[in-house]
Structures are given as C-alpha cells and as structure tokens.
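Contents: one structure, followed by commentary.
What you see below is based on every heavy atom in this structure, not just the backbone, and it leaves out hydrogens, waters and symmetry mates. Keep in mind that this is a model prediction, so the values were computed, not measured.
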Amino acid sequence: MTEICNLENNTGMHMLMCPVSDRIQLPRNMIENSMFEEEPDVVDLAKEPSLHPLEPDEVEYEPRSSRLLVRGLGDHEMDEDEDDYESSSAKLLGISFMNRSTGLRTNTVGYRQSSDRSCSAPSVRTTVICAVVLVIAVSVIMAIYLLPKCTFTKEGCHKKNHTTEDIYPLATNGKPFPWAHFRLPVSVVPIHYDIVLQPNLTTMKFAGSVQITVKVLQVTWHIILHSSKLNITEATLASSGSSQPKPAELLEYPMNDQIAILASEALLVGQEYNISMEYSSNLSDSYYGLYKIAFKDDNSTKYNGFHTGCEEKETPFSMGRMEAMWLAATQFEPLAARSAFPCFDEPAFKATFQIKVKREKQYSTLSNMPKKASKPLADGLVQDEFSVSLKMSTYLVAVIVGNLANVSKQMGEILVSIYAVPQKSVHTEYALDTTLKLLEFYQKYFNITYPLQKLDLVALPDFQAGAMENWGLITFRETTLLHDEKMSSAMDKKRVAAVIAHELAHQWFGNLVTMEWWNDLWLNEGFATFMENFAMKEIFPDIYNDDSFLNQRFKTMEKDAMNSSHSISLAVKSSEEIEEMFDAVSYVKGASLLLMLKNFLHNDGFQAGIQIYLHDHSYGSTYSDNLWDSMNEITNETVNIKSIMKTWTAQKGFPLVTVRREGKRIYLQQEKFVHNLENQTFPSRYLWHIPLSYKTSNRSSFLPFNVYLLEQKTGC
C-alpha cells in the first residue's frame, strides 16, 4: 500500500498545507517589529488581479503601508539585538494610506415621493427637458472629438496641428514644456558623461559641469533629461566633433525633475550630439544626492549626532562646541543622481562615465573607478581624474571626498580595499577577509569575473541605508562593515558578513545586469537577498543557519496575506511609488521565489540558468521575462518556467494548499490565503502553478523528493 509519510512544499514561500479539518493559521502576533506593523488594509476590489496569466503592466498599483529605505540591502541586518536582527536590516518608511471611497448619493431628480412613500413616474415635461439636455451634451462631445486637427484655446477652435500651449505643462519661465510624462522619451539616449565636481566642505556648496554625448534614435527638436535643484547657469548643444557649440535654450519642469534642451534645428537620427552644462548647488542636508557628513575625530564611542539623557540634542550638522570633521558622499538610488549632475536618471539609460573631482589638498577622493591622475590647479586645488567606467546606470555612480584610511589586499587583478575614518580603520580586517572569500565564491558560481580593477568598501559615519552597491565603491554604515574583535558579538559578526554578501551579489545582479525599470526591482533586491543567504550558508556555515531567513519569509507572508499587499512586479508611475517598491515583498518574497525555483530545477539547473541570464544580458537592462527565458533554455521548454513564475510575480498574496487523503489517493486543493479577514471574499481567479515536493513510504530517504506541479484549483 502506498502511503504518504512526508509531505513538504518546495516553493520557498512556505505555502500552508494542512488537512481540511485542521488548517494552520499564521498567528496574529507573528509580526514583532516596525517592519511589519499592521495598518488598516487598503481594500479595493476593483484592484484585484486579473485571471492568470497576468502581465506586470496590467496590475494596478496599490499603495502599501510600510517600505524599506535601505538601498541594496535586505531587511534583516541592522538591529543590534538578535530578535531585531532577524527581522530588519534597514529602516522602514511607515506610510499610512487612507481608503478612498465615494459616498453613494440617491438620485431623486425627476421622481417624486407620494404621501404613502411610494415613487411616482417623472412628468412629461421633466422627461423632455432631460432628453434635450442629453442631446446637447452628446452633440458637444461629438463636435470636440470629430473636428479634425482642432485645438481649443481661449480664442476658439483652430484647425491646425496641436500646439504645446494646450497639451503640455508650463516650464518655470511660463513657456510650454515639451514633455508631459513622468518617464523620459526614448528618442535620445546617452552614450557617455564627462563630469567635473567641486564640493566645498567649508561653504557646504558644490559646483559642477557635465558634457553628455547622446545619440538620436528618432528625429526630435528637443532633448529631455533630469535635473533636481541645480542652478544651471549655462547650456550649449553641438553636433559631435563640432568645435562650435551653440547656446541652447533650457526649460525646467520641477514637478517631474525634468529639463528640456531646445535645438535650433532638427536633431537627426543616428547623429551624436554633445550637451554641455555648468551648474551649482548646495551639499544636501538629507541622506540623498551629494550630501555632507559630520563626525567627531577622536577615539571615543561612536558619535551618531544625538545624545541621550538630559544633554542638549545636536544634529550632525550643528555640533555646538564640538569640532566636527566633514566628508562629502553620494547616495543616488533610486532618483538622486539628478541632484548632483543633469542626467538621464533612469536605470535603462546606461552609459560610460568619466569623473573628475576638484578638492582641497588636505582631502582625498574615491569614485567607482581607479584614480587615473591627480594634478594641481592654479587656485590651489587638486583635480583627481578617474578612469572611464564601464557601461552602467546613473544611480550607481558614486563619489566620496574626505579623509579616510584603508587596508587593502590584491586578489588576482582586483585590488580590494576597506575604508573607514582614521580612528576606526583598525576594525576593518574582518571585512577585508570576508570580502575576499565572498568575491571568490561569486566569481566561480556565476562563471563571470568581477569586471573592475578595484573594489572599495567604505564605512561612512553618517549613512541612512544599511549599504549601497555602487559599482566598485560600496558604501556602508559603520555598524554593517566594521568589526571589533574585542567588543563585537557573534551577531555583529554575522551581520557584517551578511551585508557584505548582499552588496557583493549586487555587483552582478543590479550592476552588471540591471532591471529595465523600477517595477522589476525584485530582480535586483530579490536576487541579492537570495544570494546573500545562499552564500552565507556555503561560506560561513559556522555563523549562519536557515532560521533567520525562514523567520523573514514567515513575517513577509504575514504582510503579503493582507489585501493591502501588492504583486512583486507592478507598474510604478511616480517617484513615491518607486520609493515604495523597496519593501519586504521585493526583497524577501522575491528571494523566496528564487529559492522555490532553485528547488524545482535543482542546484545545477538553476545555476546554469543564472549563468545564461548574466552572460546574455551583461551591461544591459532586463525584464522578469528575460530571466524566465534563460531558465526555459535549461528545461528545453519541457516545463514552461515563464508560465509558472508569472503566477507568482503578477499577483499578490500566496496560496493555501489543502491536502486530503482518501485511501491510496491524495487530493489537493488551492485557494488564496487570507489572514484573519472576516467576511472577506476573493474571486476564484486567483490561481498559482505550485511545485510540490513529496516522498512515499516505499521510497528511500536518500533519494530526491518527487515533484508534483499543481496547475489547477484541484489535483490528485
């Protein structure tokens, strides 16, 4: 007799499986920290996902209630004690959203209520008036839409081509701005940037210049790009190779952080042009853009800008009588590169970068690439010039100016360095050793050598995110990179290794291959979170166990079970929506889906699929479908990975699988799991393709699990 003796799920999302009479419910108090604070659900049945298969751009955007501020970091590395560490590696942005509802009003026009409270029919006069009004309204609408080339202005209808005065917003100078969309047009793309920055750590201002070489893909009379809070004093436009740049009219539209360069003649397809701009701005007081960092230069305990008890509170920018030291650093993900230099600030617009930094003699500088040369300038400053970068997105550009100390070690052709403020450089050895081990592991696993000549990891005294994966210049909080052998705990050691593992994974997933748009952020963060845990288990088994990642997944399931959750991949159409994509769904659920896929394809198949994906799309931008296509190459499409995985990425929530046994047969049924929502009904269109693993009593425990793919509501 065949009997089920062990039934496990293979999804990585830990779908709930239970007998009909004894369903397991997630405890209401599972969520223990601010990362998963419950807030009123946003219930809008109109936004329920459509019948499988769903396309990411078909899923309506729905606000969420808590979002990660971390850039390039999972959600479990930052808290000081073990419980908090297991659940959060980053600060969260708790945002409450009000339900939007419209009151229903009873329309009683044309009806009268008699004394016995019954309604009588409308009068003939009322009916005639309503009919006339309806005919007039329809006639006006038809006239508006049927008149050819009719543009309506205050003067009336003009039968001519639409003018920008009517269909485009107004720039700051009152002129029509020639673009009305949040995303940039694709008529012009950047090829190369030459950037010169001059941060002044005395005046807390910076000046800059940029020359962007662009290529025209469609005939246009203007170039639209991003700029935020930059005082642009000069702009010129010239065809590539021309020695006669011409002043260009520049329009600004701050609502979308966009500027327009207007050409005096049509820009022709296939031609290259140079845009040059001079500008200035203030060093940011926030943690985004090119911002200033204050720290205390002594060997006392870490100063974070605030005191406790009855002492006077001081920010890092107003330290009172204490003498502050200053750094300038960048944090550009997701939308802040535009506040340091005008650029095409979208991940798909990849280009190469040549960066030069003018500094005072007492400071040093770092950027993504190795320093190529330093030369003194006439005004007593020094200009550092860095090598031309590989093709990359703007949010990965990084610059640091200040006094830092480092330890370094050569690994083949790669120079690995750990930087910190001088008094804390003694705590960098563990990070260096960990980085070397992880770098070697990733290069072998991906079968792609790390492509830069150097890799710098920098501990910043004042940094909001847990870490940021800037290509070749990764920035960290001090607590996520520095390790004191005498004072740090085992949990501190684990946290440092985990954060480094996450950020190094990004050098391939996110930097070498980047999501095309922020709707697929999970391709960056889900992969980095998955590889972080996978690498830790392989390289540091003495300090890693599966419990931490398992705990993360359960807490994410708690959030994902609510109607206010969202699908992993969905359309984002504003800066606020982009910021909100940095949450546990993108990080942890994304990693869980990759774990499910790894178990389904087995280790070798999954690794081969990843290598195909990285090789085929190096230095490019991708969609989720590109990953599934790479996996289908491994299966020879005997199993359609794309159709399976789109049921998980294009709809929110997760399934509850009920298992029922009748004699020798096992019956399965799936439905959407709902977390303690009484009187809530969900459409039957929720359907997942679920890989289930099982063993029977007559099968050796040393043999692999059998796999059953549940593709319908029921199966057996």
Side-chain angles (χ1 to χ4, degrees), residues 144-145 147-191 193 210-240 242 245-279 335 337-339 341-349 351 394 516-518 571-575 577-578:
I144 291 175
Y145 282 94
L147 283 176
K149 299 181 180 180
C150 184
T151 300
F152 286 88
T153 65
K154 295 180 180 180
E155 291 75 27
C157 172
H158 301 275
K159 290 186 178 181
K160 61 180 181 180
N161 291 331
H162 287 296
T163 61
T164 57
E165 288 86 357
D166 307 299
I167 61 177
Y168 293 123
L170 295 180
T172 52
N173 61 0
K175 293 184 177 181
F177 190 82
W179 189 249
H181 304 284
F182 177 71
R183 294 191 63 175
L184 298 179
V186 295
S187 54
V188 176
V189 296
I191 298 175
Y193 292 80
V210 62
Q211 178 176 291
I212 311 173
T213 302
V214 300
K215 185 174 183 178
V216 178
L217 303 183
Q218 301 171 12
V219 175
T220 183
W221 288 77
H222 52 258
I223 300 173
I224 309 297
L225 62 159
H226 289 113
S227 174
S228 177
K229 299 179 181 178
L230 297 177
N231 178 27
I232 300 175
T233 55
E234 181 181 348
T236 62
L237 179 64
S239 59
S240 184
S242 172
K246 298 179 181 179
E249 183 178 1
L250 184 141
L251 302 177
E252 297 182 80
Y253 184 54
M255 181 69 69
N256 287 340
D257 289 341
Q258 292 174 353
I259 59 175
I261 305 294
L262 305 184
S264 57
E265 57 187 12
L267 305 178
L268 304 179
V269 174
Q271 296 296 312
E272 294 183 4
Y273 297 85
N274 291 328
I275 310 166
S276 298
M277 283 173 276
E278 303 281 342
Y279 59 93
L335 307 172
R338 64 193 67 177
S339 65
F341 57 95
C343 57
F344 295 77
D345 201 11
E346 294 183 6
F349 288 115
T394 51
E516 194 274 343
W517 181 240
W518 300 104
V572 288
K573 302 175 182 178
S574 70
S575 56
E577 292 175 2
I578 291 172

- request: Report yes or no: does Gln258 contribute a side-chain atom to a donor-acceptor pair with the main-chain N or O of His181 at less than 3.5 Å?
  value: yes
- request: Provide the full list of salt bridge (Lys or Arg N to Asp or Glu O under 4.0 Å) pairs with a residue in residues 171-182, sequence neighbours left out, each pair given once.
  value: Lys175-Glu249
query: Which of these passes side-chain contact (heavy atoms from CB on, under 4.5 Å) with Ile261: Leu250, Val214, Val188, Ile212?
result: Leu250
Check: Leu262 and Pro178 side chains under 4.5 Å, non-hydrogen atoms: yes
- prompt: Does the Asp345 side chain pair with the main chain of Arg338, one donor and one acceptor, at a distance under 3.5 Å?
  reply: yes
- request: Answer whether the closest heavy-atom distance between the side chains of Ile232 and Ile259 falls below 4.5 Å.
  value: yes
- line: Nearest heavy-atom approach of Glu516 to Arg183 is OE2-NH2, 3.4 Å
- line: Those residues at least two apart in sequence (or on a different chain) that pass side chain to side chain contact (heavy atoms under 4.5 Å, CB included) with Lys229 are none
query: To the nearest 0.5 Å, how far apart are OG1 in Thr236 and CG in Asn274?
result: 8.5 Å
- request: Taking all heavy atoms of Leu251 and all of Pro176, pick out the closest pair and write down the distance.
  value: CD1-O, 3.4 Å
- prompt: Does the pair Leu225 and Met277 meet the rule for a side chain to side chain contact (heavy atoms under 4.5 Å, CB included), with working shown?
  reply: CA-CA 12 Å; Leu225 62 159; Met277 283 173 276; 4.0 Å; yes
Chi angles and distances behind the side chain to side chain contact (heavy atoms under 4.5 Å, CB included) call for Leu184, Phe349: CA-CA 10 Å; Leu184 298 179; Phe349 288 115; 4.0 Å; yes
- prompt: Should the ring pair Tyr193 and Phe344 be called parallel, tilted or perpendicular, given that the plane angle runs from 0 to 90° and is split at 30 and 60?
  reply: perpendicular
field: Any side-chain heavy-atom pair of Leu335 and Asp257 under 4.5 Å
entry: no
query: Is it true that Lys246 and Glu234 make a salt bridge, defined as a side-chain N closer than 4.0 Å to a carboxylate O?
result: no
